[in-house]
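As structure tokens, the structure follows; a few thoughts come after it.
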Amino acid sequence: MSLDTTDFDRKVLIAPSILSADFAELGAECRAVEAEGADWVHVDVMDGHFVPNLTFGAPVAKCIRPHIRTVMDVHLMIAPVDPLLEDFAKAGADYITAHVEAGPHIDRTLQAIRALGCKAGVALNPGTPAETIEYVLDRIDLILVMSVNPGFGGQSFIPAVVPKIEILRRMIGDRPIHIQVDGGVTPETAPLVTAAGANCLVAGSAVFKGGSVADPSAYGRNIRAIREAAEAARVRA
Ligand code: DX5
Ligand code: ZN
């Protein structure tokens with residue numbers, strides 16, 4: 001794995017969300033999706049406060065880290081976020097993404113993530129405008145565009161976020177920043193987001209459906225279907 005921006009490109013990356021995995025088998029699930037073609041593993045952390053659901057914290061992230069050989073992509077749906085950043089860095093996160101809505105000091109949060117040696121991501125809820133991050137672009141490595149309201153897997157994609165992806169893609173210009181989309185990504189919706197300029201697709205239910213650690217071949221079929229649909233519509237610029 002390389003986090004060096006000198007080899008940055010905009011190829012399509014598929015990041016399965018382990019929110020849809022069997023939580024009793026998290027390590028094996030991470031190994032299975034990677035063996036079946038995942039580029040990154042997306043780890044959803046929810047606090048029952050910023051979002052109306054609870055998942056797990058840094059101790060669990062630390063336990064699954066040895067089972068991830070690619071990139072551990074941690075999406076923090078928690079507020080306040082700053083007090084827990086160090087725990088997730090120590091747990092081995094490669095990317096740490098915080099929500100712009102989770103506190104008043106996103107610039108400080110992003111600086112703290114990089115100071116901990118991680119790549120910094122910023123997430124935008126569906127109702128949050130692109131302009132909220134216009135002045136922190138030089139502090140970020142990833143923009144996560146939520147295409148559902150965060151909290152649960154298996155929700156329907158919100159098409160109103162597509163024009164926001166286009167705005168963000170223009171806004172970042174040549175900066176080495178991934179545009180990630182999270183929520184309701186399927187082979188049907190993937191082309192909409194890559195045509196708009198996204199390159200990193202998070203998918204939970206659409207990856208894990210029909211498979212298991214005992215029989216993970218469906219994961220591979222699902223990942224390939226999303227990737228092929230995404231690449232066919234991808235913006236080359
Ligand atoms: C939602 C999470 C997503 C979610 C995606 O709050 O951030 O990562 O698990 O799940 P699907 O792909 O099922 O919409
Ligand atoms: Zn997520």
Side-chain angles (χ1 to χ4, degrees), residues 12-23 26 29-30 33 36 38-58 60-61 64 68 70-79 81 84 88 93-102 113 119-128 141-162 165 178-194 198-211 218-219 221-223 225-227 229-230:
V12 170
L13 300 168
I14 308 295
S17 163
I18 57 167
L19 189 62
S20 296
D22 178 349
F23 273 26
L26 281 179
E29 291 277 41
C30 292
V33 287
E36 294 292 334
D39 297 293
W40 294 6
V41 176
H42 184 82
V43 177
D44 284 309
V45 178
M46 304 184 183
D47 67 353
H49 163 76
F50 178 67
V51 291
N53 195 8
L54 271 172
T55 55
F56 49 76
V60 171
I64 62 177
I68 296 173
T70 58
V71 168
M72 187 179 194
D73 172 34
V74 176
H75 176 192
L76 296 180
M77 288 161 274
I78 65 178
V81 64
L84 289 175
F88 285 97
D94 295 303
Y95 282 77
I96 297 180
T97 296
H99 272 260
V100 72
E101 309 87 359
I113 294 170
K119 295 285 191 184
V122 62
L124 304 176
N125 281 333
T128 302
D141 304 287
L142 177 147
I143 301 167
L144 187 166
V145 179
M146 286 302 312
S147 40
V148 298
N149 289 292
F152 303 96
Q155 302 181 79
S156 296
F157 182 83
I158 298 172
V161 304
V162 172
I165 298 167
H178 295 289
I179 298 183
Q180 183 178 67
V181 177
D182 186 3
V185 172
T186 66
E188 290 69 43
T189 58
L192 302 175
V193 304
T194 51
N199 68 295
C200 183
L201 278 58
V202 175
S205 43
V207 166
F208 284 93
K209 70 173 184 186
Y219 299 166
R221 285 194 298 278
N222 294 339
I223 289 169
I226 297 167
R227 191 190 301 283

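Just so you know, ligand 1 is whichever comes first in the structure, and atom 1 is the first atom listed for that ligand. When reading the values below, keep in mind they use all heavy atoms of this one structure, side chains included, and skip hydrogens, waters and symmetry mates. Source: prediction; values computed, not measured.
Looking at atom 12 (O) of ligand 1, its nearest protein heavy atom turns out to be Gly204 N, 2.7 Å. Among protein heavy atoms, atom 6 (O) of ligand 1 sits closest to Gly151 N, 2.8 Å. The nearest heavy-atom contact from the protein to atom 14 (O) of ligand 1 is Gly184 N, 2.8 Å. Scanning all protein heavy atoms for the shortest distance to atom 1 (C) of ligand 1 gives Phe152 O, 3.7 Å. In terms of protein heavy-atom proximity, atom 3 (C) of ligand 1 is closest to Asp182 OD1, 2.9 Å.
No N or O atom of Ser20 sits closer than 3.5 Å to an N or O atom of ligand 1.
The OD1 atom of Asp44 and the NE2 atom of His42 subtend an angle of 90° at the Zn ion (ligand 2), given to the nearest 10 degrees.
If you run side chain to side chain contact (heavy atoms under 4.5 Å, CB included) between Asp44 and each of Asp73, Ile18, Asp182, Asn53, only Asp182 comes through.
For the pair Val60 and Phe23, the minimum side-chain heavy-atom distance is 4.5 Å or more. Between Glu29 and Val41 the shortest side-chain heavy-atom distance does not fall below 4.5 Å. Residues Leu19 and Met46 have side chains in contact (heavy-atom distance under 4.5 Å, counting atoms from C-beta outward).
In the vicinity of Met46, heavy-atom distances shorter than 4.0 Å reach the ligand 1 atoms 6 (O). Set against the non-hydrogen atoms of Gly153, the atoms of ligand 1 under 4.0 Å away are 10 (O), 13 (O). Heavy-atom proximity to His42, at under 4.0 Å, picks out these atoms of ligand 1: 8 (O). Annotation for ligand 1: atoms under 4.0 Å from non-hydrogen atoms of Ser205 are 11 (P), 12 (O), 13 (O). Interface of Pro150 with ligand 1, defined as ligand atoms under 4.0 Å from a residue heavy atom, comprises 6 (O). Contact atoms of ligand 1 toward Ser17: 8 (O), 9 (O) (distance under 4.0 Å to a heavy atom of the residue). Counting atoms of ligand 1 from 1 in the listed order, those under 4.0 Å from a heavy atom of Gly154 are 11 (P), 13 (O), 14 (O). Counting the atoms of ligand 1 from 1 in the order shown, those under 4.0 Å from a heavy atom of Ala203 are 12 (O).
Under a 3.5 Å cut-off, the side chain of Asp47 and the backbone N or O of Ala79 do form a donor-acceptor pair. Checking side-chain atoms of Ser17 against main-chain N and O of Gly153 turns up no donor-acceptor pair under 3.5 Å. Put simply, the side chain of Glu101 gets close to the backbone of Asn125: a donor and an acceptor are under 3.5 Å apart. Thr97 contributes no side-chain N or O that, together with a main-chain N or O of His75, makes up a donor-acceptor pair within less than 3.5 Å.
Using cut-offs of 30° and 60° on the angle between ring planes, the pair Tyr219 and Phe208 is perpendicular.
Here the N, O or S atom of His75 that is nearest to the Zn ion (ligand 2) is ND1. Looking at Asp182, its N, O or S atom nearest to the Zn ion (ligand 2) turns out to be OD2.
In the model, Gln180 has no side-chain atom that pairs as donor or acceptor with a side-chain atom of His178 under 3.5 Å.
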Using the side chain to side chain contact (heavy atoms under 4.5 Å, CB included) rule, take Phe88 and Val81 through it: C-alpha gap first, then chi angles, then the decisive distance, then the call.
CA-CA 11 Å; Phe88 285 97; Val81 64; over 6 Å; no
